[in-house]
S.K.: 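Got a structure for you, questions after.
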Amino acid sequence: MQVTYRFKLYPSSAQSTRLSEWQSKIRSLLNVCLADRIDTYHDSFKQGEFCNLRSKGVATPLTCSVNKSASKGEFWKEDNPPHRRGNKNKNGHIKLTGKPRQSCPPFNPRRSSFEIHSSFSTNWRQTKPWYEDVSSDVLQQALRHQDKAFNNFFSGRAKFPRFKKTRDIGIEFKPGTVKIQGNRIKFPKLGWMKFAKSRNIGDNWEIRTVTITLDIEDWYVSVLLRDRTIPDYCPKVEDELNTIIGCDVGIKKIAAFSTSETIPNPNISKKLERRLRIRQKRLSRKKKGSNNWKKAGKVVAKVHRDIRRRRQDFQWKLGKKIASMADVISFEALNIQGMKRRCKPKLCPETGRYLRNNQKAKSQLNKAISDAAWYSLRQKTKHQAAKLGNWVIEVNPRGSSQECHQCGYVSPKNRDKEKFVCENCSHHEDADTQAGCVLAQRGKEKLGIDTLRVVSPKVTTKSESTDSPKRKLSPTLVSESGNPNKIKYIQLELLDFKEWETR
Ligand SMILES: [Zn+2]
């Protein structure tokens with residue numbers, strides 16, 4: 001099993017300066033390589049008779065770019081049989097004796113984009129003496145991540161890689177290069193540093209990649225740990241699933257369950273809205289680029305961090321609670337991006353001017369949607385559920401607040417704000433609880449397990465309603481159908497009658 005722990009790091013002031021310098025150096029290498037990738041790509045379309053537009057190299061088979069996504073660095077590599085992938089053990093050590101494995105692919109002298117840039121980083125370090133200070137592993141790891149970012153982009157999983165800012169750079173060390181002793185940690189070239197050991201690391205845990213990141217002014221270290229003897233969390237098999245609940249997310253109530261339990265929205269960003277506004281105003285009065293401006297910027301960033309941390313704390317706790325409520329948790333698959341989309345502009349056909357389209361009101365709603373952060377709540381619930389072996393599923397949310405879970409009748413008239421009254425079978429309930437029940441039922445249908453029990457509040461059905469003591473008072477009520485509007489009317493009538501009697 002693998003886990004990541006994040007600790008606060010306490011470098012000395014000299015180490016802290018060096019870390020900032022490292023970040024800056026990694027950033028410049030990464031951005032040069034990213035620019036190279038972009039340029040090479042464009043050159044491949046418009047180069048015409050040139051191989052490289054800048055150097056105006058003429059296209060010949062010898063100088064023509066080998067790789068269409070990288071032009072800096074060495075394109076060809078020499079064959080070094082012992083270092084080939086097939087000739088390495090499981091531990092990565094080179095096998096010095098014995099034949100190479102059959103699965104070993106034939107040697108390809110062409111370098112991949114990552115390998116070209118990796119060789120470029122070696123040259124870069126040699127020509128720039130101030131790079132001596134930086135560990136070459138760290139540069140390689142950064143380039144490896146950039147290569148991964150490109151692969152993710154081309155396979156449609158991510159957006160195009162962006163040019164980085166110094167503060168966004170994480171310093172990643174390769175597995176086996178970092179040592180931990182008590183509350184001290186040793187990095188190559190940087191030496192020992194103290195860290196806040198907020199959680200215990202078992203003796204058997206093997207330290208994998210270690211990453212140092214900057215959060216405003218504070219340094220943090222993420223340690224990836226692995227223990228092969230501990231198995232991963234395994235989800236429950238279908239036979240073990242007994243209960244299912246539906247979770248309806250919203251603005252006023254961040255979560256409403258089919259069990260009739262509701263969680264109010266803590267409105268975290270609203271609580272700190274005033275503080276944020278004041279500090280942003282202070283920042284706006286400072287001269288851009290000045291030291292005071294930078295200081296004020298950090299103060300604003302800290303408010304944002306405070307909001308983020310409060311929200312995360314709330315969501316982790318709530319996620320854990322939701323995850324342990326039932327064996328299966330059914331969420332609605334909301335299109336949050338679509339919900340936050342801008343209103344269409346309204347054009348007046350006569351004057352050609354733009355009319356009001358209610359975007360102002362919508363932007364407030366968008367703010368509330370962003371603050372609620374339903375997606376990250378779902379992700380955290382998934383994480384916690386995985387630990388317990390429980391399932392988290394997503395179902396189609398269409399019409400979930402208008403459908404009656406008793407009879408399946410769908411109508412927008414069923415719902416009146418927070419009340420839900422079915423027009424068909426007169427079933428009435430809190431609208432959010434009712435939506436949770438619908439989601440739970442949809443989840444049950446999606447999974448196709450008949451033995452699943454939907455955890456819902458005890459519903460008053462017609463047969464039960466006749467037994468309830470309240471309704472026994474009036475014989476007319478028993479004979480009436482369960483339409484609550486009518487019941488109200490009759491009760492009023494009875495009251496009038498009583499009053500009339502006493503007179
Ligand atoms: Zn109904």
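None of these values were measured; they are calculated from a predicted model. Computed over heavy atoms, backbone and side chain alike; hydrogens, waters and symmetry mates excluded.
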S.K.: Can D133 and K128 be counted as an ion pair, charged N to O under 4.0 angstrom?
M.R.: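 Between K128 and D133 there is no salt bridge, as every charged N stays at least 4.0 Å from the carboxylate O atoms.
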S.K.: Side chains of W205 and I230: closer than 4.5 Å at any heavy-atom pair?
M.R.: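 W205 reaches I230 side chain to side chain.
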S.K.: How far apart are the closest heavy atoms of A372 and Q315, and which atoms are they?
M.R.: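 Answer, listing the atom of A372 first, then Q315: O-NE2, 3.4 Å.
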S.K.: Answer whether the closest heavy-atom distance between the side chains of K362 and R342 falls below 4.5 Å.
M.R.: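 Answer no - side chains too far apart.
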S.K.: Is it true that a side-chain atom of N152 and a backbone atom of R157 form a donor plus acceptor pair closer than 3.5 Å?
M.R.: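 A pair under 3.5 Å: no.
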S.K.: To the closest 0.5 Å, what do you measure between CG (L29) and CG (L143)?
M.R.: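 Answer rounded to 0.5 Å: 5.0 Å.
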S.K.: Spell out, as yes or no, whether a donor-acceptor pair under 3.5 Å connects the side chain of Q146 to the backbone of L30.
M.R.: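 Yes; at least one donor-acceptor contact below 3.5 Å.
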S.K.: Look at the side chain of Q23 and the backbone N and O of I169, then say whether any donor-acceptor pair between them is shorter than 3.5 Å.
M.R.: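 At least one qualifying donor-acceptor pair exists.
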S.K.: Identify the two heavy atoms, one from F314 and one from P264, that lie closest to each other, and give their separation to 0.1 Å.
M.R.: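 Answer, listing the atom of F314 first, then P264: CZ-O, 4.4 Å.
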S.K.: Looking at S222 and R6, would you say the former's side chain and the latter's main chain have a donor-acceptor pair under 3.5 Å?
M.R.: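 Here the side-chain-to-backbone pair does not exist.
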S.K.: Rounded to the nearest 0.5 Å, how far does CG of L388 lie from CD1 of I329?
M.R.: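 Atom-to-atom, I329:CD1 and L388:CG are 8.5 Å apart.
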S.K.: List the atom of W219, the atom of S16, and the distance in Å for their closest heavy-atom pair.
M.R.: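 Smallest interatomic distance, heavy atoms only, reads NE1-OG, 3.2 Å.
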S.K.: Tell me if a side-chain donor or acceptor on Q364 pairs with a main-chain N or O of A361 at a distance below 3.5 Å.
M.R.: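 A pair under 3.5 Å: no.
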S.K.: Can you tell whether the side chains of D36 and K72 come within less than 4.0 Å, N to carboxylate O?
M.R.: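 Here D36 does not pair with K72 in a salt bridge, since their nearest N and O are not under 4.0 Å apart.
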S.K.: Roughly how far apart are L224 CG and R226 CZ, rounded to 0.5 Å?
M.R.: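 Between atom CG of L224 and atom CZ of R226 there are 8.5 Å.
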S.K.: Can you check whether C247 reaches W374 side chain to side chain, under 4.5 Å on heavy atoms?
M.R.: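 No; the side chains remain at least 4.5 Å from each other.
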S.K.: Answer yes or no: are there more than 12 heavy-atom neighbours, outside R308 itself, under 6.0 Å from its atom CZ?
M.R.: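 Correct, the count exceeds 12.
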S.K.: Do the charged groups of R442 and E332 touch, with an N to O distance under 4.0 Å?
M.R.: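 So R442 does not pair with E332 through a salt bridge.
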S.K.: Using 4.0 Å as the upper bound for N to carboxylate O, is an ion pair formed by E394 and K382?
M.R.: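 Counted as a salt bridge, because a side-chain N and a carboxylate O are separated by less than 4.0 Å.
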S.K.: Check whether any side-chain heavy atom of K320 sits under 4.5 Å from a side-chain heavy atom of K387, and report yes or no.
M.R.: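 Not touching, per the 4.5 Å side-chain cut-off.
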S.K.: State which residue, out of K302, K294, K295, K8, fulfils the salt bridge (charged side-chain N to carboxylate O under 4.0 Å, His left out) condition with E217.
M.R.: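 One option only clears the test, and that one is K302.
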S.K.: Identify whether the distance between the nearest side-chain nitrogen and carboxylate oxygen of D432 and K252 falls below 4.0 Å.
M.R.: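 Answer for the salt bridge query: no.
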S.K.: Ignoring hydrogens, what is the shortest heavy-atom contact between S401 and A435? Give both atom names and the distance.
M.R.: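 Scanning both residues, the minimum pair turns out to be CA-CB, 4.3 Å.
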S.K.: Do W391 and L447 have side chains that get closer than 4.5 Å, going by heavy atoms?
M.R.: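 Result yes, sub-4.5 Å side-chain heavy-atom pair found.
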S.K.: Over all heavy atoms of both residues, which pair between L439 and G246 is shortest? Give the atoms and the distance, please.
M.R.: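 The answer is CB-CA, 4.2 Å.
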S.K.: From L19 CG over to I212 CD1, what is the distance, rounded to the nearest 0.5 angstrom?
M.R.: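 CD1 of I212 is found 5.0 Å from CG of L19.
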S.K.: Using 4.0 Å as the upper bound for N to carboxylate O, is an ion pair formed by R305 and D218?
M.R.: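 Looking at R305 together with D218, the answer is yes, because their closest N to O distance falls below 4.0 Å.
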S.K.: Determine the minimum heavy-atom distance between G443 and I393, stating which atoms define it.
M.R.: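 Nearest heavy atoms, G443 then I393: CA-CD1, 3.5 Å.
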S.K.: From D203 CG over to N200 CG, what is the distance, rounded to the nearest 0.5 angstrom?
M.R.: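 The CG atom of N200 is 8.0 Å from CG of D203, to the nearest 0.5 Å.
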S.K.: Quick one: does any side-chain atom of S258 pair with a main-chain N or O of V455 as donor and acceptor, under 3.5 Å?
M.R.: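 Yes; at least one donor-acceptor contact below 3.5 Å.
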S.K.: Within a 6.0 Å radius of atom NZ on K197, are there more than 12 heavy atoms belonging to other residues, nucleotides or ligands?
M.R.: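 Buried by this count: over 12 neighbours within 6.0 Å.
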S.K.: Mark yes when over 12 heavy atoms from residues, nucleotides or ligands other than R309 sit less than 6.0 Å from its CZ; otherwise mark no.
M.R.: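 Count over threshold, so yes.
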S.K.: Can you tell me if S119 uses its side chain to pair, donor with acceptor, with the backbone of E74 under 3.5 Å?
M.R.: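 Such a contact is found between S119 side chain and E74 backbone.
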S.K.: Roughly how far apart are I180 CD1 and L225 CG, rounded to 0.5 Å?
M.R.: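 Separation between the atoms: 6.5 Å.
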S.K.: Do NZ/NE/NH1/NH2 and the carboxylate oxygens of D371 and K270 come within less than 4.0 Å?
M.R.: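 No.
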S.K.: Going by the rule ring-ring contact (aromatic ring centres under 6.0 Å, His included), which residues pair with H383 if we only count those two or more places apart in sequence or in a different chain?
M.R.: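 H383 satisfies ring-ring contact (aromatic ring centres under 6.0 Å, His included) with W316 once adjacent residues are dropped.
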S.K.: Please indicate whether K367 has more than 12 foreign heavy atoms, meaning atoms of other residues, nucleotides or ligands, lying under 6.0 Å from its NZ.
M.R.: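 No, NZ of K367 has 12 or fewer neighbouring heavy atoms, counting only those of other groups under 6.0 Å.
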S.K.: Counting only heavy atoms not in K148 (residues, nucleotides, ligands), do more than 12 fall under 6.0 Å from its NZ?
M.R.: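 Result for NZ/K148: open.
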S.K.: Angle class for the F173/W22 ring planes (parallel below 30°, perpendicular above 60°, tilted otherwise)?
M.R.: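 Rings of F173 and W22: tilted, 30 to 60°.
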S.K.: For the pair R378 (side chain) and V392 (backbone), establish whether a donor and an acceptor sit closer than 3.5 Å, ignoring hydrogens and angles.
M.R.: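 Flag not set: sc R378 to bb V392 has no pair under 3.5 Å.
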S.K.: Which donor-acceptor pairs under 3.5 Å do the side chains of residues 187-195 make with protein atoms, sequence neighbours left out?
M.R.:
{"unit_1": "K189", "atom_1": "NZ", "unit_2": "E132", "atom_2": "O", "d": "2.7"}

S.K.: Decide if atom OH of Y375 counts as having more than 12 heavy atoms of other residues, nucleotides or ligands within a radius under 6.0 Å.
M.R.: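 No, because the 6.0 Å sphere around OH of Y375 holds 12 heavy atoms or fewer from other groups.
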S.K.: Okay, side chain of N31, backbone of K164: is any donor-acceptor separation there less than 3.5 Å?
M.R.: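 Judged by distance alone, yes, a pair lies under 3.5 Å.
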S.K.: Output yes when a side-chain donor or acceptor of S24 lies under 3.5 Å from a complementary backbone atom of S20, and no otherwise.
M.R.: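 Flag not set: sc S24 to bb S20 has no pair under 3.5 Å.
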